[in-house]
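Since we're looking at a predicted model, the values are computed, not measured. We count ligands from 1, going down the list as the structure has it; atoms in each ligand are counted the same way.
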Amino acid sequence: MEIGAGDGARTLLRLLRDLPGELRAGESLAAHTTFRIGGKAFAFYQPAIEDALAEAVVRARGHGFPWLVAGGGSKLLAPDEGYPGLVVSTSSLRSWREENGHVVAGAGVPLAQVVRWGGWRLAGIPGTVGGAVAMNAGTKYGSIAEQVEWVQALLPSGRVHTFRPEECGFGYRDSLFRRLRLPILSVGLRQDRRGDVGPLLAERARSQPLDLPSAGCVFRNPRAGLSAGWLVDQCGLKGARVGDAVISQRHANFICNLGRARAAEVLELVDQVQDRVVRQFGVWLKLELEVVRE
Ligand code: EPU
């Protein structure tokens with residue numbers, strides 16, 4: 001059953017309508033996730049300025065609405081039934097101030113822009129700066145935490161705080177911002193190597209199914225040197241399918257959407273994989289994918 005836009009949606013829209021930016025009712029989340037999955041959100045808001053992002057979250061939270069900040073939507077699995085709250089898109093927050101090997105970037109700056117400026121090790125990662133910092137995105141060559149100088153984020157109290165790197169709680173695909181759900185507004189980065197990203201992109205295109213909608217790697221690697229993709233592959237699960245959700249033949253840590261996959265089908269496949277891998281290897285695969293629940 002799809003969640004309808006009733007009084008709740010109207011209340012939320014009324015709460016936000018004076019804020020600068022674009023506010024839409026009933027926006028399909030499938031259109032805003034790389035998985036191309038997800039029902040409609042009560043309110044979909046693209047703030048024009050960083051302060052407005054903070055204010056929207058404070059207001060929604062204050063009135064008990066669920067909320068989430070979607071960066072590039074590249075790690076999100078949104079519910080088929082829709083989202084009875086506020087989805088904030090950072091796509092308009094693209095401020096960029098560069099000086100002497102440092103940059104101040106808005107949360108919605110595409111990561112590809114950082115790669116071109118000086119972020120060689122991040123080549124090929126989709127999404128935005130805010131999303132990448134929240135999940136400490138990276139490749140086998142390193143992760144974005146290595147370039148972070150500071151992060152400006154919204155605290156649960158509604159205050160904005162500037163976090164020094166050692167306060168960010170970075171770990172493998174993890175940070176304080178992700179754990180505590182602190183929306184990131186802007187980030188200070190130091191320039192890294194520019195370098196030729198051609199070979200990195202070619203390797204990614206060879207080993208990953210970039211031609212179909214997906215959310216990248218679904219599971220975290222259990223530890224350095226042990227790849228979740230390898231474990232799933234060894235279980236013979238490539239090609240396993242539930243509805244239109246399928247384990248990629250090219251990389252077993254990718255679930256692809258063959259066209260009309262539903263979130264429920266992806267989750268069923270996730271269960272099957274976790275079950276098989278724990279039985280065969282005694283390893284419980286943890287999700288890297290961000291499953292949106294209310
Ligand atoms: N492998 C298989 N079968 C598969 C997939 C992989 O046997 O289906 C083997 C490969 O042959 C290789 C090993 O597993 O020997 C590692 O594979 P790969 O180089 O693809 O690295 P990965 O650990 O699977 C990680 C990141 C990727 C990132 C690549 C390249 C995680 C969970 N994944 O993958 O990140 O692109 O390294 O740097 O950390 C993502 O985060 O969304 C993502 C795709």
Are any of the N/O atoms on A252, whether in the backbone or the side chain, positioned under 3.5 angstrom from an N/O atom of ligand 1? yes
Side-chain donor-acceptor pair under 3.5 Å between N136 and S175, yes or no? no
Going by the order shown, which atoms of ligand 1 are within less than 4.0 Å of some heavy atom of K75? 40 (C), 41 (O), 42 (O)
Ring centres of F163 and W150 under 6.0 Å apart? no
Looking at atom 11 (O) of ligand 1, tell me if a protein heavy atom falls under 4.0 Å from it. no
Considering the heavy atoms of K238, write down every atom of ligand 1 situated less than 4.0 Å from one of them. 8 (O)
Using a 4.0 Å cut-off to any heavy atom of N253, which atoms of ligand 1 qualify? 32 (C)
Checking contacts now, so for atom 15 (O) of ligand 1, which I'm interested in, is there any protein heavy atom under 4.0 Å? no
Distance under 4.0 Å to a non-hydrogen atom of T139: what atoms of ligand 1 satisfy this? 38 (O)
Please identify which atoms of ligand 1 are closer than 4.0 Å to at least one heavy atom of G216. 42 (O)
Of all the non-hydrogen atoms in the protein, which one sits nearest to atom 28 (C) of ligand 1, and at what distance? Q208 NE2, 3.9 Å
Under 4.0 Å between a side-chain nitrogen and a carboxylate oxygen: does that hold for R276 and D271? no
So which protein heavy atom does atom 17 (O) of ligand 1 come closest to, and at what separation? S227 OG, 4.0 Å
Within 4.0 Å of some non-hydrogen atom of F254, the atoms of ligand 1 are 44 (C)
May I ask you to decide if the ring planes of W117 and W96 are parallel, tilted or perpendicular, using 30° and 60° as cut-offs? perpendicular
closest protein heavy atom to atom 26 (C) of ligand 1 is R173 NH2, 3.7 Å
Pairs in or reaching into residues 94-116: which pass salt bridge (Lys or Arg N to Asp or Glu O under 4.0 Å), with residues at least two apart or in two chains? none
Side chains of residues 177-184: which donor-acceptor partners sit under 3.5 Å, not counting sequence neighbours?
{"residue": "R178", "atom": "NE", "partner": "E290", "partner atom": "OE1", "Å": "2.9"}
{"residue": "R178", "atom": "NH1", "partner": "R173", "partner atom": "O", "Å": "2.9"}
{"residue": "R178", "atom": "NH2", "partner": "E288", "partner atom": "O", "Å": "2.8"}
{"residue": "R178", "atom": "NH2", "partner": "E290", "partner atom": "OE1", "Å": "2.9"}
{"residue": "R179", "atom": "NH1", "partner": "G169", "partner atom": "O", "Å": "3.4"}
{"residue": "R179", "atom": "NH1", "partner": "D174", "partner atom": "OD2", "Å": "2.6"}
{"residue": "R179", "atom": "NH2", "partner": "G169", "partner atom": "O", "Å": "3.3"}
{"residue": "R181", "atom": "NH2", "partner": "W67", "partner atom": "O", "Å": "2.4"}

Do H102 and Q191 have side-chain N/O donor and acceptor atoms under 3.5 Å apart? no
Could you establish whether E203 and ligand 1 come within less than 4.0 Å of each other, counting only heavy atoms on the residue side? no
So the atoms of ligand 1 within less than 4.0 Å of a heavy atom of K140 turn out to be 19 (O), 38 (O)
Do E27 and H32 get their side chains close enough for a donor-acceptor pair, meaning under 3.5 Å? yes
Nearest-neighbour protein heavy atom for atom 41 (O) of ligand 1, which is reported as residue plus atom name and distance: E288 OE2, 2.6 Å
To the nearest 0.5 Å, atom CG of L285 lies from atom CG of N253 at 7.5 Å
Minimum non-hydrogen distance to atom 20 (O) of ligand 1, winning option of H251, R204, M135: H251
Within 4.0 Å of some non-hydrogen atom of D233, the atoms of ligand 1 are 2 (C), 3 (N), 4 (C), 7 (O), 8 (O)
Is it the case that more than 12 heavy atoms not belonging to H161 sit under 6.0 Å from its NE2 atom? yes
Ranked by distance from atom 25 (C) of ligand 1, the top protein heavy atom is N221 ND2, 4.2 Å
Working note: E146 + R121, criterion salt bridge (Lys or Arg N to Asp or Glu O under 4.0 Å); need CA distance, chi angles, decisive distance, verdict. CA-CA 10 Å; E146 292 161 54; R121 68 184 91 217; 2.3 Å; yes
Verdict with supporting geometry, S186 and Q152, side chain to side chain donor-acceptor pair (under 3.5 Å): CA-CA 5 Å; S186 62; Q152 201 173 55; 3.3 Å; yes
Ranked by distance from atom 44 (C) of ligand 1, the top protein heavy atom is C217 SG, 2.8 Å
Among Y141, F219, W230, Y172, which residue places a heavy atom closest to atom 39 (O) of ligand 1? Y172
